[in-house]
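I have placed the structure first, in the form of structure tokens, so that the comments after it can refer back to it.
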There are 2 protein chains.
Amino acid sequence: MHNEHIAAIAALLKTMSHPIRLKILCLLLDREMTVGDIRGEVKTTNANVSQHLSILRNQGIISFRKEANFIYNRINDPRILQLIQTLRKLFCTNSAN
Amino acid sequence: MHNEHIAAIAALLKTMSHPIRLKILCLLLDREMTVGDIRGEVKTTNANVSQHLSILRNQGIISFRKEANFIYNRINDPRILQLIQTLRKLFCTNSAN
DNA sequence: CCAGTATTTAATTGTTTAATTAATTTAAAT
DNA sequence: ATTTAAATTAATTAAACAATTAAATACTGG
């Protein structure tokens with residue numbers, strides 16, 4: 001692996017490595033969610049969710065669409081979906097494969 | 001995914017999210033390496049490598065064996081191997097799968 | 001025992017990150 | 001136009017992280 005790849009992947013992992021951000025990504029696996037929706041699932045403030053979302057956006061992981069004064073967030077990069085699938089398979093099951 | 005899983009995975013990703021530590025893990029994919037070996041590959045000091053190794057050990061990612069006054073480090077957890085394989089496949093190739 | 005090498009530990013210092021709070025923007029509804 | 005709700009932004013403060021340097025430990029060989 002080249003050093004640029006390593007730097008890029010390290011940055012990605014860093015973005016994903018906060019419990020709230022990882023949880024947001026897990027929530028967004030299935031569906032779109034607004035900031036308010038997300039705040040209902042994680043135990044923190046609205047502003048805090050918004051800040052974490054902005055970090056995820058800057059990394060290019062999620063994008064959003066605006067409707068009325070709601071903002072619907074979704075996972076942008078299909079590779080992130082696959083990555084989370086792998087994490088779940090490796091660390092959340094007892095299966096042999 | 002349960003919150004304990006999320007916390008555990010977030011902690012793992014955090015440990016892996018430093019460029020030097022990620023590079024160390026990539027180097028250890030194939031072979032065992034001493035601190036000195038690793039310092040030859042990453043541009044930093046001996047003490048710094050040792051500190052990063054200790055973080056990786058505390059996370060349970062790598063283990064080591066002692067021989068003379070060398071310490072040979074290796075990846076402990078086969079799931080880490082698979083995870084890095086996945087990262088490489090997703091973010092270091094142009095292939096469609 | 002002493003010298004030399006490998007590694008770890010400790011202490012310091014600067015940087016980054018994260019949560020909280022308050023203020024601001026944007027859009028909708030009355 | 002004013003109010004209300006959703007989301008963002010900004011400012012503050014505390015905590016965590018990381019690199020450097022120096023000191024300490026562990027082990028080997030003469």
Side-chain angles (χ1 to χ4, degrees), chain A residues 3 6-28 31-76, chain B residues 3 6-28 31-76:
Chain A
N3 280 341
I6 288 183
I9 295 174
L12 170 67
L13 296 181
K14 184 172 175 186
T15 299
M16 296 176 64
S17 73
H18 188 288
I20 289 181
R21 292 196 290 272
L22 185 57
K23 176 148 193 177
I24 289 175
L25 291 176
C26 290
L27 291 170
L28 294 180
R31 49 190 158 145
E32 277 186 334
M33 291 179 90
T34 67
V35 173
D37 293 337
I38 293 168
R39 197 216 44 232
E41 302 276 349
V42 299
K43 203 68 177 176
T44 188
T45 64
N46 223 311
N48 196 19
V49 169
S50 182
Q51 285 164 345
H52 284 300
L53 282 171
S54 133
I55 292 170
L56 290 166
R57 282 187 205 120
N58 291 341
Q59 181 60 233
I61 295 180
I62 69 177
S63 62
F64 61 93
R65 71 185 170 86
K66 226 168 179 169
E67 187 177 310
N69 44 1
F70 292 90
I71 290 183
Y72 291 90
N73 297 278
R74 66 171 180 281
I75 292 181
N76 203 25
Chain B
N3 280 341
I6 289 182
I9 294 174
L12 170 67
L13 295 181
K14 184 171 175 188
T15 299
M16 294 177 63
S17 73
H18 189 288
I20 289 181
R21 291 196 291 271
L22 185 55
K23 174 146 194 179
I24 289 173
L25 291 176
C26 289
L27 290 169
L28 293 181
R31 51 190 156 143
E32 277 186 333
M33 290 178 91
T34 68
V35 173
D37 293 338
I38 293 169
R39 198 215 45 232
E41 303 274 350
V42 300
K43 204 68 178 176
T44 187
T45 63
N46 224 312
N48 196 18
V49 170
S50 181
Q51 284 165 345
H52 284 301
L53 282 171
S54 134
I55 292 170
L56 291 165
R57 280 186 207 124
N58 290 342
Q59 181 62 232
I61 296 181
I62 68 177
S63 62
F64 61 93
R65 72 184 168 86
K66 225 166 181 173
E67 188 177 309
N69 43 3
F70 293 90
I71 289 183
Y72 292 90
N73 298 277
R74 66 173 180 281
I75 292 181
N76 201 25

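Every chain is numbered from 1, with letters handed out A, B, ... down the list of sequences.
- A:Ser54 comes within 4.0 angstrom of no nucleic acid atom, judged by non-hydrogen atoms across all strands.
- Rounded to whole angstrom, the span from the CG atom of A:Asn73 across to the P atom of D:dA7 amounts to 8 Å.
- Summarising the geometry, the separation between CD1 on B:Ile71 and P on D:dC27 is reported as 9 Å, rounded to the nearest angstrom.
- The CD1-C1' distance, from A:Ile38 to D:dA6, rounds to 13 Å in whole Å.
- When the P atom of D:dT20 is taken as reference, atom CG of B:Asn48 falls 6 Å away, rounded to whole Å.
- A close approach under 4.0 Å does not occur between any side-chain nitrogen or oxygen of A:Arg39 and OP1 or OP2 of D:dA6.
- Proximity of a side-chain donor or acceptor of B:Arg21 to a complementary backbone N or O of B:Thr15 within less than 3.5 Å is detected.
- The side-chain heavy atoms of B:Leu56 and B:Ile75, taken from C-beta on, include no pair separated by under 4.5 Å.
- Using a 4.5 Å cut-off on side-chain heavy atoms (C-beta onward), A:Ile61 and A:Met16 make contact.
- Each of A:His18 and A:Ala68 was assigned the nucleotide of DNA chain C with the nearest heavy atom; the assignment lying further toward the 5' end belongs to A:His18.
- For DNA chain C, the span of nucleotides reached by chain B at under 4.0 Å from its heavy atoms goes, 5' to 3', from C:dG4 to C:dA11.
- For A:Asn73 (side chain) and A:Phe64 (main-chain N/O), no donor-acceptor pair under 3.5 Å exists by modelled atom type.
- The phosphate of D:dT20 (OP1 or OP2) has a side-chain N or O of B:Thr44 nearer than 4.0 angstrom.
- Rounded to an integer number of Å, the gap from CD1 of B:Ile55 to P of D:dA19 is 9 Å.
- One axis for each end of the helix from C:dC1-D:dG30 to C:dT30-D:dA1, each built from five base pairs, and the angle between them comes to 10° at 10° resolution.
- In terms of phosphate contacts, B:Lys14 brings a side-chain nitrogen or oxygen within less than 4.0 Å of OP1 or OP2 of D:dC17.
- The CZ atom of B:Phe64 sits 13 Å away from the C1' atom of D:dA26 (whole-angstrom rounding).
- Between the CD atom of B:Glu67 and the P atom of D:dG29 there is a distance of 11 Å, rounded to whole Å.
- What separates CG of B:Asn69 from P of D:dG30 is a distance of 13 Å, to the nearest Å.
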